[in-house]
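Only one structure is covered here, and it is reproduced in the block below.
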Amino acid sequence: MKLIIAYVQPHKLNDVKQSLIEAEITKMSVTNSLGCGQQMGFTETYRGAEVEINLLKKVRLEIAVNDEFVEKTITAIADGAHTGAIGDGKIFVITLDQCYRIRTGDTGPEAIG
Amino acid sequence: MKLIIAYVQPHKLNDVKQSLIEAEITKMSVTNSLGCGQQMGFTETYRGAEVEINLLKKVRLEIAVNDEFVEKTITAIADGAHTGAIGDGKIFVITLDQCYRIRTGDTGPEAIG
Amino acid sequence: MKLIIAYVQPHKLNDVKQSLIEAEITKMSVTNSLGCGQQMGFTETYRGAEVEINLLKKVRLEIAVNDEFVEKTITAIADGAHTGAIGDGKIFVITLDQCYRIRTGDTGPEAIG
Amino acid sequence: MLRTKINWIMMISLVVLLGGATWAQAGEEVSSAMFTVNNTWMLCSAFLVFIMHLGFATLEVGLTRAKNTVNILFKNTAIVAIGVLTYALMGFNLMYPGETAAGGWFGFAGFGIGTDAAGLTSAYNVGYTYWTDFIFQAMFAATAATIVSGAVAERVKLSSFLIFSAIYVALVYPVVGMWKWGGGWLDALGFYDFAGSTLVHSVGGWAALVCVLILGPRIGKYSNGTVKAIMGHNMPLAAIGVFLLWLGWFGFNGGSVLSADPGAVSFVFVTTTLAATAGIMGAMMTSWIVQKKPDLSMVLNGCLAGLVGITAGADVVSITSAIIIGLIAGILVVFAVLFFDRLRIDDPVGALSVHLVCGIWGTLAVGIFSTAHSFISQLIGVVVIGVFCSIATVIIFGGLKMVMGVRVTPEEEQKGLDISEHGMEAYSGFQIFISQ
Amino acid sequence: MLRTKINWIMMISLVVLLGGATWAQAGEEVSSAMFTVNNTWMLCSAFLVFIMHLGFATLEVGLTRAKNTVNILFKNTAIVAIGVLTYALMGFNLMYPGETAAGGWFGFAGFGIGTDAAGLTSAYNVGYTYWTDFIFQAMFAATAATIVSGAVAERVKLSSFLIFSAIYVALVYPVVGMWKWGGGWLDALGFYDFAGSTLVHSVGGWAALVCVLILGPRIGKYSNGTVKAIMGHNMPLAAIGVFLLWLGWFGFNGGSVLSADPGAVSFVFVTTTLAATAGIMGAMMTSWIVQKKPDLSMVLNGCLAGLVGITAGADVVSITSAIIIGLIAGILVVFAVLFFDRLRIDDPVGALSVHLVCGIWGTLAVGIFSTAHSFISQLIGVVVIGVFCSIATVIIFGGLKMVMGVRVTPEEEQKGLDISEHGMEAYSGFQIFISQ
Amino acid sequence: MLRTKINWIMMISLVVLLGGATWAQAGEEVSSAMFTVNNTWMLCSAFLVFIMHLGFATLEVGLTRAKNTVNILFKNTAIVAIGVLTYALMGFNLMYPGETAAGGWFGFAGFGIGTDAAGLTSAYNVGYTYWTDFIFQAMFAATAATIVSGAVAERVKLSSFLIFSAIYVALVYPVVGMWKWGGGWLDALGFYDFAGSTLVHSVGGWAALVCVLILGPRIGKYSNGTVKAIMGHNMPLAAIGVFLLWLGWFGFNGGSVLSADPGAVSFVFVTTTLAATAGIMGAMMTSWIVQKKPDLSMVLNGCLAGLVGITAGADVVSITSAIIIGLIAGILVVFAVLFFDRLRIDDPVGALSVHLVCGIWGTLAVGIFSTAHSFISQLIGVVVIGVFCSIATVIIFGGLKMVMGVRVTPEEEQKGLDISEHGMEAYSGFQIFISQ
Ligand SMILES: Nc1ncnc2c1ncn2[C@@H]1O[C@H](COP(=O)(O)OP(=O)(O)O)[C@@H](O)[C@H]1O
Ligand SMILES: Nc1ncnc2c1ncn2[C@@H]1O[C@H](COP(=O)(O)OP(=O)(O)O)[C@@H](O)[C@H]1O
Ligand SMILES: Nc1ncnc2c1ncn2[C@@H]1O[C@H](COP(=O)(O)OP(=O)(O)O)[C@@H](O)[C@H]1O
């Protein structure tokens, strides 16, 4: 089991969700986040003073999947989020030791989906 | 050391906290998150047009524990969050390589609690 | 590759960012979070009734780095966040199995930076 | 705000200032210019009272949780509509049935509103036309129901509440109002309530109390034997609400002079303002001492407490008395909030403490601070109206509870009424912790 | 709001109440006190209409997304400035060119404003001075442009919109206004529009419709063949907006009596309020039935619908008719919102449904509910003005599209106009999901 | 707003319009209807000025950080209370000590307020009763302290600030006011300040400047040698504030005519509005050019700048001059904000730029644009008042600094004053990044 963490552009969230659903990955958790990456940020001004906004708004997805789904999930996210422009985002994969569904008490690969 | 990530219903947070404290787990971090799981979401309407709300509000807990506490923590969370209805939530467990307390510089199992 | 998760005081974020940048770590993701640790919280009153605020506002950083950068990153965060007072925060390290840059399709250590 | 044609002269003669000055007016004859300026001021008062409805809405929203915002805004918008329309249908003619009901308990001048040409001249009243009369009174009427709204917020079922409001404004408020302002038995008794500490605020307050008792507290408010604070989500809105209410009160009290009489209206402006400011000071000091920290929501309540307190006697008490009345109201309101919480009577916005407690205080204060009025008459008025309104609410709201239920389900309450009753959110896109 | 010196007597004679009563005034001679009270009421009306601009701003902000808030506030602040200044420069003298233009299509009394001493006395008008006249009219003028602002929100280019507004307020609004209120051909025809259902609201509404058609919908509103809701981000602001607009309407309609005439102004207060409340009820019932859940944003629109609907005939229809007009407007507005969405005409705040649809409805309703007015004249007015305003907008806004573009880039739209056009955020620090 | 009984005729004779027209009034005798309408307008002005306090509160909240919201609302509510109560206690009688102080520097008519029957008739003043006089003046008084509040926001200690305000409003404001409006030496000198560019706005502004210098900037504002923006957290609130202030200004300036004189009040409405709109345009253009992007907060300040600028001469300058004064004020305010930042004088809401800089500008402008007034007298008034207010503030605020401290601790500042001073949050549940 793996935990996939992805950072994507906020306005791409709907596309990513769409392409995940098409890949039959329907479980996920989403948070908003501020990111600093190759996209360098920009400068706002407020009352004449500058504010450097180098933390840009991103959306963070967390998806737990069984091993055989990892490739598919990454592809689906990338498909939905890709534009080719800086700021498209990153995907990280972590090993998941255990998974537990509170409602039923199921554990392991069973509990993921 | 393990990192436990749990998604629970927002209005169960107090119960979960209570049951964690009873299990003597008093360190945790909480974020709010939007989740998509077996609970299918619902439809809001706004000015006659529909809005599909398939990302439901959840609370995300992150708890780092020493290995011997893993079972206890999972049980405590499940106890506090369980209702038996869809949407109760999930718990994920990840291996934690290292932990570091900024204030003291302690590392490892020491630093967790 | 490692994923470093750090919880720091909100008003230390700028210092942490500064010290990370000085250590040439320029990629990161930031979320806000509520934390419960050794810092015990405080009591607000509202209309005469008490509200126990034991979840204090924290900032959560997530930084993916190549193995050789782990030490440097931890030191940089600790430098920026340290005050010696309770509430300074924690740093957790997790093994990262894979990393993928959506824009280019790069994977592995390449994609991290 | 006693205003039947038969009684206005009497009222003016009651208006006695500090030094005993009486504002003389030229009997029932006024020049057309004077009639016009009187009427213009009464219309200004009407729009000022109107804006109080926005004040109530924002105050109530501010002091409750984000997840119930749409519901509260909806309720408070609908109440204005229901209040004005039912008042046009029957309330106005129940409250002011005319001379036939003089000294009595009940009268009704028929459904609907309308007037002949005389209603547009000073023959109707030197202070206003028939239409001005109606619109000013109608704006008052909805207020009583809105007071209830705050106390039952975050758990009452929308449809039941709207039905309750409609009945209460159509029947209870005008019948009680008639007893005094319509020239009924309380008026004959010498009971005095200038602009409605009792006739508006307590009438709303008693209904609120009974409704809250029938409904029970919000989930989580009194769990495990302790009082838990459920914090309001938007303090700027709460402050906006209080300032708008204060603004509206210049019309509420100032308009209750029922003409633009320079001395009377300006004196009422001063007593009203001083009571409000003294209420702020009273609540600020009390809260700073009792709660250790200065609590904004208490100070806001204190301002309203002073305003409600002065409402019964704004025209008949002295400057110093106005300050004392306001100060005591401001102190009272803080203890009242704590007291109701101890009794586990859950009132999210402090409506009971402000409108009921200070409404009673203000009415009694007339008997204390004005030698021209009897404490006993004031007390009789307070008690009889309290009993009547409470019983009426038990019947109406209790009846609704049996017929259709008055409270949302626990799930709906926990999700928030915005999603469960309206299918929408107040702050779309904002990240809000809804764990409470 | 017909107000040239020549015509005011005629207007008063039009003001016929239910029972047929006519408010008599002492011809062109009024006492200095009467002149002063009339003028004071007109100034009160001016500040009430002024506050409508805040109402528009908050309503519009509330019903759109957080990421465009600064832009909307900026637009609506700038429009007031542009509207008043251009009106001073030329609008006022285009709209009220004086007797030379009587019965005509166009007239211009020269640039700038100014008066001799007579303009400050009742010789100018029994109801107000020259300056009062100007300020009251100027507050109206900017309204028309603000209506457009709501419909084009969240995608229009700031600079283009400001230029459009300036031209529209400087030329189109006053020319059309002159046709009726300036004593032009529509006035001669017997067309009646008391306070501007057509002359203000539809004039804004037609421009809004054409601008929306030229601009196209917001990204994501009609994707994949379905209508997607784009939720407003701040319902308390939307409610504040509607209550402030309602408040302002007491001046908008009440001031359009053009004096403080007690009977006329108070009657207008009553019809205006009843129509607003009936609009709320109409929209509430319709929304509850059609959409299954009571939609706050629809009820708020319903209130405005009732107000716009009664504006043309507030002084000439009966109480019952006022309620019916408001009720129908409230029902209409819900269907209109759904209808425009089906046509893929994207109007974030419902400006078309409220101001255009109900503006037309209100104008025609005068022909239906007042026997003194002809339906045909009303229809002619509606149609001719519709055609004229639409063509004018096509030329101005279409021209701007060619010259400098009228829409922001898709990237700017997606980022939000606050960041892209103003380089700042409305809610700094708040966590907001901007995925939409 | 010069208003002692002895002086009002003089004042009216000063009111000279463009063409030189003088509004004649019937000497000291006015009809009872005229007295009533004058008084009614003055009461309307009083409630308009009252609502400015809500405007100040929301503007200030909007332009500061979320974590200090409760504190600001608390301060601004308490200031109204303190201002009105101390003004009743002594301010009013310090400011208007009566004929004894004519031409002088100081006078005091005793503690408390009260009048005999004559105070309710036109024998007191043709424009208002004694009580109207008090309430209108009292609403002004608190304004000066509120101006300071904005400049010291986000770091001042609540208790110290409240004490400072009480003393400043009780002593400094009325003494300076007496110099001109109470018939003192500045009045004798020919200094002119219609509604208080200097007497209200600069008096607040000087105190603000000195307080800011004593307090120092907010943590993080000028770190590492650069100016860092600390963004306001709620732009809709800021815009609401400015519109409400503008609304209130119709009473602030319009009421300073001290009667309902049709010509004078309406003229003042026009100059006030035009200056505000010109201020918006001036700031908009300047900000667009200098800052490259149109900055909403600057445009909002520009509007207020125009209003402050016109306040000294609203009744004596021409239409064109009003526009120029407003325009220059709008331009000035943008540069002033940038300038104070460069000097590291940290003023979160721009209170110095708006009230001090434009207050001075407006006062001097009377000497420039009105031939009837001398630039030298204006300059003397500006300078002497500036010196006096600054010294007074150094003594009071400096004294408080030594006795009890005037600034919160760095930890409290970083946590936010809401939590540290009030133990509560303004937006409970909302996720807010408080990293700044
Ligand atoms: N090493 C990293 N650690 C944590 N988050 C990262 C890292 N690299 C990128 N991110 C996240 O991904 C987002 C997109 O990164 P960016 O470098 O701008 O994308 P890309 O290179 O694909 O255009 C960032 O804003 C940040 O939130
Ligand atoms: N595979 C997953 N990956 C990430 N988050 C998940 C996953 N499955 C569930 N979740 C999170 O847990 C929440 C509860 O899931 P749900 O399936 O509704 O619970 P249950 O099946 O226990 O009733 C979801 O809303 C989501 O936030
Ligand atoms: N075991 C843990 N699991 C998850 N989060 C933790 C844990 N321990 C600490 N934290 C996070 O770190 C923050 C700081 O912890 P705290 O114990 O107060 O710091 P310190 O001990 O360094 O002064 C907490 O508020 C919480 O968000």
Side-chain angles (χ1 to χ4, degrees), chain B residues 3-18 20 26-64 77 80-81 83 85-92 94 102, chain E residues 62-65 150 217-218 220-235 238 283 286-302 333-354 430-433 435-436:
Chain B
L3 188 69
I4 297 173
I5 297 170
Y7 289 94
V8 302
Q9 295 277 29
H11 59 265
K12 282 298 190 177
L13 176 61
N14 279 332
D15 295 345
V16 171
K17 251 172 52 192
Q18 204 54 46
L20 281 166
T26 56
K27 312 274 153 99
M28 72 194 85
S29 297
V30 186
T31 341
N32 56 357
S33 163
L34 297 179
C36 203
Q38 280 183 27
Q39 193 185 15
M40 289 310 292
F42 55 96
T43 315
E44 295 185 17
T45 55
Y46 174 74
R47 303 182 71 67
E50 305 218 320
V51 207
E52 234 193 288
I53 305 294
N54 44 23
L55 288 174
L56 298 171
K57 294 190 167 130
K58 298 283 162 188
V59 159
R60 179 183 189 275
L61 289 124
E62 209 167 76
I63 311 176
I77 296 173
T83 66
I86 280 187
D88 270 2
K90 292 259 175 82
I91 305 173
F92 303 116
I94 292 167
I102 296 175
Chain E
L63 294 183
T64 52
R65 284 166 294 179
R218 290 167 293 171
K221 175 74 188 169
Y222 306 110
S223 66
N224 309 328
T226 59
V227 179
K228 296 254 173 80
I230 296 181
M231 293 182 74
H233 83 281
N234 201 324
M235 290 305 128
T286 313
S287 146
W288 218 321
I289 293 167
V290 175
Q291 299 174 258
K292 302 293 179 294
K293 303 217 160 179
D295 185 324
L296 175 65
S297 74
M298 288 295 192
V299 167
L300 295 176
N301 274 174
V333 82
V334 177
F335 287 110
V337 166
L338 302 177
F339 175 74
F340 283 117
D341 245 0
R342 201 143 308 165
L343 293 186
R344 292 162 179 256
I345 293 173
D346 181 19
D347 172 12
V349 304
L352 299 177
S353 309
V354 166
F430 282 88
Q431 290 297 287
I432 302 174
F433 247 115
S435 66
Q436 206 180 31

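Below, chain A is the first sequence line, B the second, and so on; all start at residue 1.
Atom CZ of E:R342 is surrounded by 12 or fewer heavy atoms from other residues, nucleotides or ligands within 6.0 Å.
Of the two parts of E:L63, the backbone and the side chain both hold a non-hydrogen atom closer than 4.5 Å to a non-hydrogen atom of chain B. Contacts between E:V337 and chain B at a heavy-atom distance below 4.5 Å involve the side chain alone, from C-beta outward. Heavy atoms closer than 4.5 Å to chain B are found in the backbone of E:V349, but not in its side chain.
When all heavy atoms are compared, the tightest approach of E:M235 to B:Y46 is CE-CE1, 3.9 Å.
Legend: residues meeting side-chain contact (heavy atoms from CB on, under 4.5 Å) with E:S287, ordered by chain and number and at least two apart, are E:Q291, E:D295, E:M298. In this structure E:F339 satisfies the side-chain contact (heavy atoms from CB on, under 4.5 Å) test together with E:L343, sequence neighbours excluded.
Summarising the geometry, atom CG belonging to E:D341 is positioned 8.5 Å from atom CZ belonging to B:R47; distances are rounded to the nearest 0.5 Å.
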